[in-house]
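Structure record follows, encoded as structure tokens.
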Amino acid sequence: MRLHVKILRFNPETDKKAHWVTYDMEAQPGDRMVDVLNEIKWYKETGLAFRRSCQHGICGSDAMLINGRNRLACKTLVRDVAKDGGTVTVEPIRGLKVEKDLLVDMEPFFDAYRAIMPYFIHPTPFPAKEQYQSEANAEKMAHSSNCILCACCTTSCPIFWVNGSYIGPAALVQAHRFIFDTRDEAKQQRLGVVNQNTGVWRCRTAYNCTEACPRGIPITQLIEEVKREVMFGQS
């Protein structure tokens, strides 16, 4: 396939604002967009900046806008975003400061993640044997346990774009994972964190987050479950 890859470039050392640069490429229909970007970086433009690590849809580091939609470049096939001779646009995810090209500052995103205390809190002594959960209890957090923190959901959220203090869908999904874990003992603390004007009540149920999730997590549903738990689960 012949392919025109149009990338929104920005170098803070030389550019006052972002600008589009188009690269003419050849690719196989089954190639992934991360393969195309690697080809550009290795052979056409060594200064192109973007994140990628595992390149298998597990680490979540290569989230970007491809044809205007949040995707993981390593899970996006060329044939799904372009025809032979067509154009693919690639931009950084929105709502976070662009440091260079497709590279954004992820610290605000991880600040929100850290705010919900994403780890087990168990102040009482652990029992001598393993703590089991029933299948029903495990099922409650099955979806939220699949989050890979790629930020696709949060940076697709229009509330996050206009209000950077909103902790965002990803943090709420992580909160859900621990709120519904019967082995954890900090449920009330987390409910207090999400029950704020920057928390769960900022969600306007736009479903952008659910559509953007590369893992198929029903994020809007999980946020609604957290809302109900805030209303009925606090003592």
- Lys/Arg-Asp/Glu bridge criterion (N-O < 4.0 Å) met for Arg69, Glu211: no
- Item | Asp101 (side chain) donor-acceptor with Arg9 (main chain) under 3.5 angstrom | no
- Item | Worked verdict on Leu172 versus Val194 for side-chain contact (heavy atoms from CB on, under 4.5 Å) | CA-CA 7 Å; Leu172 293 172; Val194 300; 3.8 Å; yes
- Side-chain heavy atoms under 4.5 angstrom apart, residues restricted to Ile, Leu, Val, Met, Phe, Trp, Tyr: same cluster for Met64 and Tyr23? yes
- Item | Shared hydrophobic cluster, Met1 / Ile40 (ILVMFWY, side-chain heavy atoms < 4.5 Å) | yes
- Item | Basic-acidic side-chain contact under 4.0 Å: Arg190, Asp184 | yes
- Taking C-beta and beyond as the side chain, do Val5 and Thr22 meet within less than 4.5 Å on heavy atoms? no
- Message: Assess the residue pair Gln55 and Asn38 against the criterion (side-chain hydrogen bond (donor to acceptor under 3.5 Å, both in side chains)); give the C-alpha distance rounded to whole Å, side-chain angles, the decisive distance to 0.1 Å, and a yes or no.
- Response: CA-CA 11 Å; Gln55 302 188 71; Asn38 283 336; 3.0 Å; yes
- Task: Run the numbers on Asp181 and Asn137 for side-chain contact (heavy atoms from CB on, under 4.5 Å), then give the verdict.
- Result: CA-CA 7 Å; Asp181 193 322; Asn137 285 334; over 6 Å; no
- Message: If I take atom CZ from residue Phe180 and atom CD from residue Glu225, how far apart are they, to the nearest 0.5 angstrom?
- Response: 5.5 Å
- Query: Atom CD1 of Ile219 and atom NE2 of His143: how far apart are they, to the nearest 0.5 Å?
  - Reply: 11.5 Å
- Met25 versus Lys44: any side-chain heavy-atom pair under 4.5 Å? yes
- Residues Val78 and Ala27: closest non-hydrogen pair is CG2-CB, 4.3 Å
- Message: What verdict does the salt bridge (Lys or Arg N to Asp or Glu O under 4.0 Å) test give for Glu13 and Lys100, after you've listed the backbone C-alpha separation in whole Å, the side-chain angles of each residue and the deciding distance to 0.1 Å?
- Response: CA-CA 9 Å; Glu13 297 181 357; Lys100 184 180 180 183; over 6 Å; no
- Kindly indicate, with the supporting measurements, whether the criterion side-chain contact (heavy atoms from CB on, under 4.5 Å) is fulfilled by Ile66 and Glu91. CA-CA 7 Å; Ile66 301 175; Glu91 308 167 62; over 6 Å; no
- Message: So Arg71 and Val81, do their side chains get closer than 4.5 Å, heavy atoms only?
- Response: yes
- Message: For the backbone of Trp42 and the side chain of Thr46, can you confirm whether one donor and one acceptor N or O come within less than 3.5 Å of each other?
- Response: no
- Message: With heavy-atom distances below 4.5 Å as the criterion, would you say the side chains of Leu65 and Asn70 are in contact?
- Response: yes
- Message: With side-chain contact (heavy atoms from CB on, under 4.5 Å) as the criterion, how do His56 and Cys74 come out once you've worked through the C-alpha distance, each side chain's angles and the decisive distance to 0.1 Å?
- Response: CA-CA 6 Å; His56 289 284; Cys74 62; 5.9 Å; no
- Between atom CD1 of Ile159 and atom OH of Tyr166, what is the distance when rounded to the nearest 0.5 Å? 7.5 Å
- Nearest-0.5 Å distance that lies between atom NE2 in His19 and atom CG in Asn11: 8.5 Å
- Considering all heavy atoms, the nearest Val173-Ser144 contact: O-CB, 3.4 Å
- Determine the minimum heavy-atom distance between Leu77 and Pro29, stating which atoms define it. CB-O, 4.1 Å
- Message: To check you understand the geometry: which heavy-atom pair defines the closest contact between Leu48 and Lys41, and what is its length?
- Response: O-NZ, 2.7 Å
- Would you mind reporting whether Leu222 and Arg177 have side-chain heavy atoms less than 4.5 Å apart? no
- Query: Under a 4.5 Å cut-off applied to non-hydrogen side-chain atoms, are Arg51 and Asp62 in contact?
  - Reply: no
- Could you tell me which non-hydrogen atom of Val193 sits nearest to which non-hydrogen atom of Ala115, and how far apart they are? CG1-O, 3.6 Å
- Message: Are Met141 and Ile179 connected into the same hydrophobic cluster when the rule is that any two of I, L, V, M, F, W, Y join if their side-chain heavy atoms are below 4.5 Å apart?
- Response: no
- Task: Indicate whether the side chain of Thr210 and that of Thr220 have a donor and an acceptor atom separated by less than 3.5 Å.
- Result: yes
Can you list, pair by pair, the side-chain donor-acceptor contacts under 3.5 Å of residues 102-111, counting residues two or more places apart and other chains?
from   : atom 1 : to     : atom 2 : distance (Å)
Asp105 : OD1    : Glu107 : N      : 3.1
Glu107 : OE1    : Arg114 : NH2    : 3.0
Asp111 : OD1    : Arg114 : NH2    : 2.6

- Query: Going through the distances and angles, do Phe178 and Tyr119 end up as a ring-ring contact (aromatic ring centres under 6.0 Å, His included)?
  - Reply: CA-CA 8 Å; Phe178 287 96; Tyr119 41 80; 7.4 Å; no
- Task: Could you pull out the closest heavy-atom pair between Ile93 and Ala151, with the gap in Å?
- Result: CD1-CB, 4.3 Å
- Message: Within the 4.5 Å heavy-atom criterion, are Met33 and Val90 side-chain neighbours or not?
- Response: yes
- Just wondering, do Val88 and Lys6 contact through their side chains at under 4.5 Å, heavy atoms? no
- Message: When you measure from the side chain of Arg32 to the backbone of Gly30, do you find a donor-acceptor pair of N or O atoms at a distance under 3.5 Å?
- Response: no
- Asp15 side chain vs Lys17 backbone, donor-acceptor pair below 3.5 Å: no
- Short side-chain to backbone donor-acceptor contact, Ser61 and Ser53, under 3.5 Å: yes
- Task: Give a yes or no on whether the backbone of Asn195 and the side-chain of Trp201 come within a donor-acceptor separation of less than 3.5 Å.
- Result: no
- Do the side chains of Ile116 and Phe120 join up, straight or via other hydrophobic residues, at under 4.5 Å, putting them in one cluster? no
- Note on the structure: Separation between CD (Gln28) and CD (Glu26), nearest 0.5 Å, reads 9.0 Å
- Please indicate whether Tyr207 has more than 12 foreign heavy atoms, meaning atoms of other residues, nucleotides or ligands, lying under 6.0 Å from its OH. no
- Query: Who are the ring pair (Phe, Tyr, Trp, His ring centres under 6.0 Å) partners of Tyr132, not counting sequence neighbours?
  - Reply: none
- Is it true that the side chains of His4 and Thr87 contain a donor and an acceptor less than 3.5 Å apart? no
- Roughly how far, to the nearest 0.5 Å, is CZ of Phe232 from CG of Leu191? 13.0 Å
